[in-house]
Amino acid sequence: MGIRTVFTDHSLFGFEDAASILTNKLLVGTLKNVDAVICVSHTGRENTVLRGELFEKDSRDSNKLVVRENVYVIPNALVADEFKPGPPGPTDIITIVVLSRLAYRKGIDLLVATAPRICAAFPNVRFVVGGDGPKLIDLLQMREKHLLQDRIELLGPVRHSDVQSSFGIAILEAACAGLYVVSTRVGGVPEILPEDMISFAEPEEDDVFRAISEAINIISAGKHDPQRAHERVKTFYNWEDVTARTEKVYDAVMKSPQMEIWERMRRTMQLGPFAGPIYTIILIVDCLFFLFLEWWMPREDLHYVTVHWNPKKFAQLVEKEKARIVDDEGHLP
């Protein structure tokens, strides 16, 4: 259709299994003709560039490949006021919160292996685990085996409406709420927070135990200030900055020359001797179909939306909604 398109990628995918190979091939065909790509981390950018083959020959040296200029990195953001630190606890009990789908790919096996060791090493530590999944039975068996019913609380399935975290950026939200974070060093996680707000571990039992122990000692020594952590995250990730950067990408796309059909066909044919012609035929059929629709229902006969975007009006509505929420919270029993 020739509509300007910006693709945003939030996830990391592999290259080895059959599902990843097929998915990546589809991604290559999809990204051949998009105007820009936005990734949420530099690690994600590298992953997307490799999966989508978003590189081209260097204009100065034809033997070198360079990443396309239309691949951007814009991080996630959050509303910091929704994740404020709670009041300090009345006791010296340290609570480790785990909120996740209880599955192997989420590292629950590491939790099963390290939780008993942490409870044995630190008598003032307790766990609160929320979530459901196939590994729940392993957690139950571990708790029974080590007699940790009073130290490990399993909440079971947690409704999304009862959780502030969106699960997609849970680490960032936890840090904004004043919690000290422990994470494995995978994907784009090392880019999220400064090293003094998070302890990293390799995905193995002994190193996870070391990282959790390090975090417990930091909390016990009073070296982590929840309020200061909240204020720092508040400046790191905010929607105003993310929106401004995203708007610049959209503006650059709209000002760039529109890609002609011949250029799209040329790029599509680069998919290979088999996929190239197939994708090109699909492209041509789609274009012919759109020409038919243009003849059958001309665009001058369509009714267009005449109300333009009004940022000031939107800001007023946001402030009005915030005031309503504050008022409702003030009348809660």
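These figures come from a predicted structure and were not determined experimentally.
The closest donor-acceptor contact from the side chain of S20 to the backbone of E16 lies at 3.5 Å or more, if one exists at all. N217 places a side-chain N or O within donor-acceptor distance of the main-chain N or O of S213, the cut-off being under 3.5 Å.
Applying the ring pair (Phe, Tyr, Trp, His ring centres under 6.0 Å) test to every pair with at least one member in residues 188-225, sequence neighbours left out, gives these pairs: Y180-H224.
Ion pairing between R245 and D241 holds under the 4.0 Å rule for side-chain N and carboxylate O. A salt bridge links D196 with R232: at least one charged nitrogen is closer than 4.0 Å to a carboxylate oxygen. Between D150 and R126 no salt bridge is recorded (no basic side-chain N to carboxylate O distance below 4.0 Å).
Annotation: the span from L111 atom CG to D138 atom CG amounts to 10.5 Å, rounded to 0.5 Å. Note that OG1 of T246 and CD1 of I74 are 3.5 Å apart. Values are rounded to the nearest 0.5 Å. To the nearest 0.5 Å, the span separating CG on L99 from CD on E173 amounts to 10.0 Å. The distance from atom CG of L179 to atom CD1 of I198, rounded to the nearest 0.5 Å, is 12.0 Å.
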Would E144 and Q149 count as a side-chain hydrogen bond (donor to acceptor under 3.5 Å, both in side chains) here? Give the steps. CA-CA 7 Å; E144 295 291 332; Q149 290 86 346; 3.0 Å; yes
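Relative orientation of the F292 and W296 rings is parallel, given thresholds of 30° and 60° on the angle between their planes.
Put simply, the side chain of V37 does not reach to within 4.5 Å of the side chain of N70, judged on heavy atoms.
Across A175 and A229, no two heavy atoms sit closer than the pair O-CB, 4.0 Å. In this structure, R264 and N33 approach most closely via the heavy-atom pair CA-OD1, 3.3 Å.
Under the 4.5 Å side-chain contact rule for hydrophobic residues, I261 and L291 share a cluster.
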